[in-house]
**Student:** 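One structure, as structure tokens, below. Some questions next.
Convention: sequence-line order gives letters A, B, ...; per-chain numbering from 1. Keep in mind that this is a model prediction, so the values were computed, not measured.
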2 protein chains.
Amino acid sequence: MQRIQMTQTYSQAFEDYLKVIHKLVRRAGRATTSEIARCLDVRPASVTGMLQKMAELEPPLVSYEKHQGAVLTEAGEVEALRVIRRHRLLELFLHEYLNYSWDEVHEEAERLEHVISDKLGARIAALLGDPDRDPHGHPIPSADLVLRPLTEFPLSQLPVGGWGIVRRVRDDEPAVLRYVGRLGLRPFAPIRLVSHVALDGTYHVLVLETGETVVLGTAVAEAIFVDHLSVPLMITNQSNAEDED
Amino acid sequence: MQRIQMTQTYSQAFEDYLKVIHKLVRRAGRATTSEIARCLDVRPASVTGMLQKMAELEPPLVSYEKHQGAVLTEAGEVEALRVIRRHRLLELFLHEYLNYSWDEVHEEAERLEHVISDKLGARIAALLGDPDRDPHGHPIPSADLVLRPLTEFPLSQLPVGGWGIVRRVRDDEPAVLRYVGRLGLRPFAPIRLVSHVALDGTYHVLVLETGETVVLGTAVAEAIFVDHLSVPLMITNQSNAEDED
DNA sequence: CCTATAATTTAGTCATACCTAAATTTAGAT
DNA sequence: ATCTAAATTTAGGTATGACTAAATTATAGG
Ligand SMILES: [Mn+2]
Ligand SMILES: [Mn+2]
Ligand SMILES: [Mn+2]
Ligand SMILES: [Mn+2]
């Protein structure tokens, strides 16, 4: 009568490694030991040990050769997307139903993502109407684990004078989110990079909705991702990437 | 600027031990090694090791002497009630907002109870209107961790011919919950123990709302807890205990 | 090609939380 | 009071997933 657990389940640690490797592979083609260590705040020696284990599982979650870093296998990709989907659905759920602000959702989702069942994930998705963006604008993999390709790039790479539309903001620094939110730089906000002052590394950005021009440092300008907008309020596409969460 | 984490946090294993010890101490005055082992489905040797650790923490969570079993300390009682509150709030939340039936909530809550923050617990409680019963009728400790004393006793102890009102049902056996629910034996259902057939251990129970008389075996009759009802639809109190979750 | 530096891996520990098998203690029955 | 059966503890292991220190490998400049 009991249905067999078809879905293999992995430890919290493996799931966090998978998410980080997924992000780094997207960004750079492969995930190096030291980058993984930095992202997870563990020592590189610990990463080596974990990569060896993940590569020797049946099926292997990563393809790994000494000194060459790791990439995800098909199985690893699937698991990574499952965790990412749970994470982003949870973020949106906490935001929409439980009064969480966008700077509070990430930390809570970071723990919940490892313990919710497929059933709960599906119920949350249904309640939210099968959404495709989390509160920071990150794309949510579909139920069949397809992740929309990213076209947006850091605000800091917008040409001076160019218009853009905010697509997403890195979600792992609550203080950045609160600051950026206060400035009106939320997903779908049209902006214009008025100028870039190279000598102090600041970006002067017009926020169309408020009419204000705000001044951003490098850290913040690299945490905000935008698409080109040829004319204000007209949305276009383009390609490039780099991300968080 | 960051608030220091005032609230000590314990491992999942410790939290599950605390819940079980709390239940057993309520039931029998103390929690023995083998009872704890049975409840948690681990070996008694593992329990001894955990009790030793819990007793040596600062502050200790249990008071423990070799061969004498354990009781909760003040700190242990507080932590136990915090986990129990999270568990029962989660059960009700899953039931009310996410379409979980009463036989599905326990398993999911069993994992979530260890990872939700105080903040999330408070948001859920607020959304539910600070409830005092979970879907099985179990009392939810108040925000300041007061647990209403239990007055109900197993249906099997109702005198033959006596009226009762269902107060709660053990929640750890989904099949029992589905069965009992189908019979109409849910919290607040008035019933009457029509007869007890000693020779085959069955209980014949009139369910007032349906008008049906159902026949229960010992296992089910001991999983349903009731209060006396002097006359149908008039509620009274009484004392005794024994429980689950 | 050679070397200095950075990245990575290896080796050896530690803590948590479980296990089995063997030894010990307690309690109940005579 | 003694013995036996049940409960409990001790001893010795396993698997995770972290760490440090030391050894090794890769890479880039000269
Ligand atoms: Mn996580
Ligand atoms: Mn996000
Ligand atoms: Mn639990
Ligand atoms: Mn319950």
**Student:** Within this structure, what is the NE2-to-C1' distance between B/H67 and C/dT24, rounded to whole angstrom?
**Tutor:**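 Taking NE2 of B/H67 and C1' of C/dT24, I get 7 Å after rounding.
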**Student:** Please state whether the phosphate of C/dC19, meaning OP1 or OP2, lies under 4.0 angstrom from any side-chain nitrogen or oxygen of B/S46.
**Tutor:**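 For B/S46, the contact criterion (side-chain N or O under 4.0 Å from OP1 or OP2 of C/dC19) is met.
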**Student:** Answer yes when B/R111 and B/E108 have at least one side-chain N-carboxylate O distance shorter than 4.0 Å, and no when they do not.
**Tutor:**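 The answer is yes: the pair qualifies as a salt bridge.
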**Student:** Could you tell me how far apart B/I36 (CD1) and D/dT9 (P) are, to the nearest whole angstrom?
**Tutor:**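 Rounded to whole Å, this separation is 9 Å.
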**Student:** Ignoring backbone atoms, test whether B/Q12 places a side-chain nitrogen or oxygen under 4.0 Å from the OP1 or OP2 oxygen of C/dT16.
**Tutor:**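 No, outside the criterion.
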**Student:** Calculate the interatomic distance between A/E65 atom CD and C/dA7 atom C1'; express it in whole Å.
**Tutor:**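 Rounded to the whole Å, the gap is 17 Å.
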**Student:** Could you label the plane-to-plane angle of the A/F93 and B/F93 rings as parallel, tilted or perpendicular, counting under 30° as parallel and over 60° as perpendicular?
**Tutor:**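 Tilted: the ring planes of A/F93 and B/F93 meet at 30° to 60°.
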**Student:** Need to verify one output field. Residue with the more 5' nearest nucleotide on DNA chain D, A/A13 or B/Q52?
**Tutor:**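 Whichever sits nearer the 5' end wins; that is B/Q52.
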**Student:** In whole Å, what is the span from the CG atom of B/L57 to the C1' atom of C/dA17?
**Tutor:**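 For the pair B/L57 CG and C/dA17 C1', the rounded distance is 14 Å.
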**Student:** Please determine, for the side chain of B/A45, which listed nucleotide (C/dC18, D/dA11, C/dA7) has the closest atom?
**Tutor:**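 The nucleotide sitting nearest to the side chain is D/dA11.
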**Student:** Would you please confirm or rule out a distance under 4.0 Å between OP1 or OP2 of D/dA7 and any side-chain N or O of B/Q68?
**Tutor:**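 So the side-chain polar atoms of B/Q68 never come under 4.0 Å of the phosphate oxygens OP1 or OP2 of D/dA7.
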**Student:** For B/R30 and D/dT8, give me the distance from atom CZ to atom C1', rounded to whole Å.
**Tutor:**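 Distance check: B/R30 CZ to D/dT8 C1' gives 11 Å.
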**Student:** Given D/dG17, C/dT10, C/dC18, which nucleotide is nearest the side-chain atoms of A/M50?
**Tutor:**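 Nearest to the side chain of A/M50 among the choices is D/dG17.
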**Student:** Do the side-chain N or O atoms of B/T48 get closer than 4.0 angstrom to the phosphate oxygens (OP1, OP2) of D/dT9?
**Tutor:**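 True: B/T48 side-chain N/O within range (under 4.0 Å) of D/dT9 OP1/OP2.
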**Student:** Could you tell me the separation between the CG atom of B/L61 and the C1' atom of C/dT16, rounded to a whole number of Å?
**Tutor:**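 Rounded to whole Å, this separation is 15 Å.
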**Student:** Does a side-chain N or O from B/S34 land closer than 4.0 Å to OP1 or OP2 of D/dT8, or not?
**Tutor:**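 It does, given that an N or O in the side chain of B/S34 lies less than 4.0 Å from OP1 or OP2 of D/dT8.
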**Student:** According to a strict under-4.0 Å criterion, is B/K66 in side-chain N/O contact with OP1 or OP2 of D/dT10?
**Tutor:**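 Result: yes.
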**Student:** Between A/E15 and A/R86 (salt bridge meaning N to carboxylate O under 4.0 Å), is one present in this structure?
**Tutor:**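 A salt bridge is present here (some side-chain N lies under 4.0 Å from a carboxylate O).
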**Student:** Do the numbers put B/R168 on top of the ring of B/F225, so that NZ or CZ is under 6.0 Å from the six-membered ring centre and no more than 45° off the axis?
**Tutor:**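 Output yes; distance and angle both within limits.
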**Student:** Report the distance from atom CE of A/M54 to atom C1' of D/dA15, rounded to the nearest whole Å.
**Tutor:**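 Rounded to whole Å, this separation is 17 Å.
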**Student:** Donor-acceptor pair, distance only, cut-off 3.5 Å: does the side chain of B/H196 make one with the backbone of B/V160?
**Tutor:**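 No, because the side chain of B/H196 does not come within donor-acceptor range (under 3.5 Å) of the backbone of B/V160.
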**Student:** So does A/Y17 get a side-chain nitrogen or oxygen closer than 4.0 Å to the phosphate oxygens (OP1/OP2) of D/dT16?
**Tutor:**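 Result: no.
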**Student:** Under 4.0 Å: is that the gap between some side-chain N or O of B/Y10 and OP1 or OP2 of C/dA17?
**Tutor:**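 No, because none of the side-chain N or O atoms of B/Y10 sits under 4.0 Å from OP1 or OP2 of C/dA17.
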**Student:** Reckon A/S11 has a side-chain N or O less than 4.0 Å from the OP1 or OP2 of D/dG17?
**Tutor:**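 For D/dG17, OP1/OP2 do have a side-chain N/O of A/S11 under 4.0 Å.
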**Student:** Just the rounded figure in Å: distance from C1' of D/dA15 to CD of A/E56.
**Tutor:**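 It works out to 15 Å between those atoms.
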